[in-house]
Participant: 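Got a structure for you, questions after.
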Amino acid sequence: EDQVTQSPEALRLQEGESSSLNCSYTVSGLRGLFWYRQDPGKGPEFLFTLYSAGEEKEKERLKATLTKKESFLHITAPKPEDSATYLCAVQAATEGGSQGNLIFGKGTKLSVKP
Amino acid sequence: DTGVSQDPRHKITKRGQNVTFRCDPISEHNRLYWYRQTLGQGPEFLTYFQNEAQLEKSRLLSDRFSAERPKGSFSTLEIQRTEQGDSAMYLCASSFNFRGYTFGSGTRLTVV
């Protein structure tokens, strides 16, 4: 069964204290791995898609990396405005390629204190 | 391009009533997805359209739920005879084939 596990569930950082969020996955053929940011009461906001092991993408203070079993979201020198829930999801390469739905983890709730 | 729009943003209904939500996807996107998210959980897939055809339904989508996408444009999700367990955030997303997967702001449903 395709599955995504994120850790830790919650993370508290001081402003400027760099850290990483983990996303472990099992999927029958990976089409893509997605990272989203979600603020309370809002829909997920797209951050990155990674397609193959070894791929890395960066955006401001965020950097996402991918291996065959897990992905990391590295946050460098975070600011209070980075506080949010970060969601990881996988898209499976199913037979016939007709699906495309995302399988999400439960998310990591990040709090950055000034 | 105004992104994915969902209406209403919030809905409070009494148990047993029917509710309908609307989603307007990004205009050039051919795929439209519905998800449900409860507190502390990630979004869970409900159903998916490619153009006007509904191609996939999750086992979460009981017979009280129905979704349509007439003419391959906007979509509606209807819940009949609502139950308290239906209280959740209902999210719509759209993509062009497998790319550009974008979510709307969601509709928060509260069943009292």
Side-chain angles (χ1 to χ4, degrees), chain A residues 1-10 21-25 27 29-52 57 71 73 84-110, chain B residues 1 3-10 21 23-26 29-51 53-61 67 88-110:
Chain A
E1 182 183 346
D2 299 336
Q3 196 169 4
V4 176
T5 303
Q6 292 188 245
S7 62
E9 290 185 10
L21 313 182
N22 178 262
C23 171
S24 298
Y25 65 91
V27 65
L30 180 70
R31 184 183 297 278
L33 184 139
F34 294 70
W35 282 99
Y36 287 87
R37 168 192 171 127
Q38 187 172 32
D39 292 303
K42 296 189 176 181
E45 176 189 343
F46 174 78
L47 293 174
F48 305 108
T49 307
L50 303 168
Y51 295 100
S52 58
K57 289 192 176 175
S71 176
L73 185 65
T85 295
Y86 290 84
L87 294 167
C88 172
V90 296
Q91 189 176 56
T94 57
E95 288 186 14
S98 64
Q99 280 195 321
N101 57 287
L102 300 183
I103 301 160
F104 281 86
K106 293 183 178 182
T108 293
K109 185 174 182 179
L110 174 66
Chain B
D1 177 5
V4 177
S5 299
Q6 291 190 247
D7 185 67
R9 288 296 313 278
H10 304 276
F21 311 139
C23 171
D24 286 90
I26 292 173
H29 284 184
N30 59 346
R31 296 181 179 221
L32 186 147
Y33 307 82
W34 285 98
Y35 288 79
R36 181 174 71 187
Q37 186 177 25
T38 53
L39 201 62
Q41 303 294 315
E44 295 175 292
F45 169 74
L46 292 178
T47 190
Y48 140 68
F49 292 84
Q50 179 159 320
N51 300 313
Q54 188 173 16
L55 296 185
E56 185 79 18
K57 292 182 186 180
S58 162
R59 56 181 170 77
L60 294 175
L61 210 69
M89 173 80 87
Y90 289 85
L91 293 163
C92 176
S94 70
S95 69
F96 180 75
N97 293 331
F98 298 107
R99 302 293 176 121
Y101 218 111
T102 305
F103 281 84
S105 295
T107 294
R108 168 73 64 187
L109 173 66
T110 303

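Proteins come first, then strands; the chains are lettered A, B, ... in the order of their sequence lines, and each starts at number 1. In what follows, every heavy atom counts, from backbone to side chain, and hydrogens, waters and symmetry copies are set aside.
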Participant: Using a cut-off of under 4.5 Å for heavy-atom pairs, which of G106(B), S105(B), P43(B) has the most such pairs with chain A?
Facilitator: P43(B)

Participant: For D39(A), which residues count as a salt bridge (Lys or Arg N to Asp or Glu O under 4.0 Å) partner, sequence neighbours excluded?
Facilitator: R37(A)

Participant: CZ of F103(B) to OH of Y36(A): how many Å apart, nearest 0.5 Å?
Facilitator: 5.0 Å

Participant: Given that the side chain runs from C-beta out, which part of Q38(A) has a heavy atom under 4.5 Å from chain B: side chain, backbone, both or neither?
Facilitator: side chain

Participant: List in chain and number order the residues that pass salt bridge (Lys or Arg N to Asp or Glu O under 4.0 Å) with K106(A), two or more places apart in sequence or in another chain; answer none if no residue qualifies.
Facilitator: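 None.
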
Participant: Indicate the atoms forming the closest heavy-atom contact of G43(A) with L91(B), along with that distance.
Facilitator: CA-CD2, 3.8 Å

Participant: Can you say whether Y35(B) sits under 4.5 Å from chain A via the side chain, the backbone, both, or neither, judging by heavy atoms?
Facilitator: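 For Y35(B), the side chain is the part near chain A, not the backbone.
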
Participant: Can you measure from CH2 (W34(B)) to CG (N101(A)) and round to the nearest 0.5 angstrom?
Facilitator: 16.0 Å

Participant: Do other residues, nucleotides or ligands put more than 12 heavy atoms under 6.0 Å from Q41(B) CD?
Facilitator: yes

Participant: Looking at K57(A), I'd like to know if its NZ atom is crowded, meaning that more than 12 non-hydrogen atoms belonging to other residues, nucleotides or ligands lie closer than 6.0 Å.
Facilitator: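 Enclosed.
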
Participant: Looking at chain A, which one of M89(B), R9(B), Q37(B), Q6(B) has the largest number of heavy-atom pairs inside 4.5 Å, strictly under?
Facilitator: Q37(B)

Participant: If I measure from the heavy atoms of chain B, does L102(A) come under 4.5 Å with its side chain, its backbone, both, or neither?
Facilitator: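 For L102(A), the contact with chain B is made by backbone and side chain together.
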
Participant: Picking from P44(A), G107(A), G32(A), which has the most non-hydrogen pairs under 4.5 angstrom with chain B?
Facilitator: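 The answer is P44(A).
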
Participant: For a quick test of reading the model, state the closest non-hydrogen atom pair linking L87(A) to G42(B) and the distance between them.
Facilitator: CD2-CA, 4.3 Å

